[in-house]
Engineer: 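Please see the structure below; I have some questions.
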Amino acid sequence: MVPHDSTATSGSPAAGSPVLSSTMPSDPDTLETCSSLPRIVSPSTWRGWCLLVIFMALIALGIWPVIGWVNRQSMLWGMPSLVIWSYLIIFACSGVMWLANMWLDSSEETRDD
């Protein structure tokens, strides 16, 4: 049975009913238990770990030091090498997301059986 919330109808809490506060408590011990920070979730399968490593590698390939190595005056297929590198990163990210969908969908299907 769900307890009735008397604050919804009368505006003041009934005697003995708990009062929910939207403010953070001032006690430092209870402050740790009321943390609103998100929890970090780590992969639980080898497929998840592989995808995490691939995504982190793609992020590393798109940061400034790597871009500095690629940003040259050379032209390839009529485009600067930086444009080609950007296209490669975009298509690689799309490919990894497609791979993740395929891998994770197939692991959920085998888990349900």
Engineer: Holding to ring pair (Phe, Tyr, Trp, His ring centres under 6.0 Å), I want the full list of residues that pass it with Trp46, two or more places apart in sequence or in another chain.
Structural biologist: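 If we apply the ring pair (Phe, Tyr, Trp, His ring centres under 6.0 Å) test to Trp46, skipping adjacent residues, the hits are Trp103.
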Engineer: The test is side chain to side chain contact (heavy atoms under 4.5 Å, CB included); show your working for Trp49 and Ser44 and say whether it passes.
Structural biologist: CA-CA 7 Å; Trp49 281 106; Ser44 60; over 6 Å; no
Engineer: In the single-linkage hydrophobic clustering (I, L, V, M, F, W, Y; side-chain heavy atoms under 4.5 Å), do Met97 and Leu99 co-cluster?
Structural biologist: yes
Engineer: Taking distance alone, no hydrogens or angles, what donor-acceptor pairs closer than 3.5 Å link side-chain atoms of residues 78-91 to residues at least two apart or in another chain?
Structural biologist:
unit_1 : atom_1 : unit_2 : atom_2 : d
Ser81  : OG     : Val70  : O      : 2.7
Trp85  : NE1    : Leu61  : O      : 3.1
Ser86  : OG     : Leu82  : O      : 2.9

Engineer: Ile59 and Leu52: same hydrophobic cluster, using ILVMFWY side-chain contacts below 4.5 Å?
Structural biologist: yes
Engineer: Which value, rounded to the nearest 0.5 Å, describes the distance between Leu58 atom CG and Ile54 atom CD1?
Structural biologist: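 Going from CG on Leu58 over to CD1 on Ile54, the span is 8.0 Å.
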Engineer: Considering all heavy atoms of both residues, which atom of Pro43 and which atom of Gly48 are nearest to each other, and what is their separation?
Structural biologist: CB-C, 3.6 Å
Engineer: Enumerate the residue pairs fulfilling ring-ring contact (aromatic ring centres under 6.0 Å, His included) with a member in residues 53-73, sequence neighbours excluded, ordered by first and then second residue.
Structural biologist: none
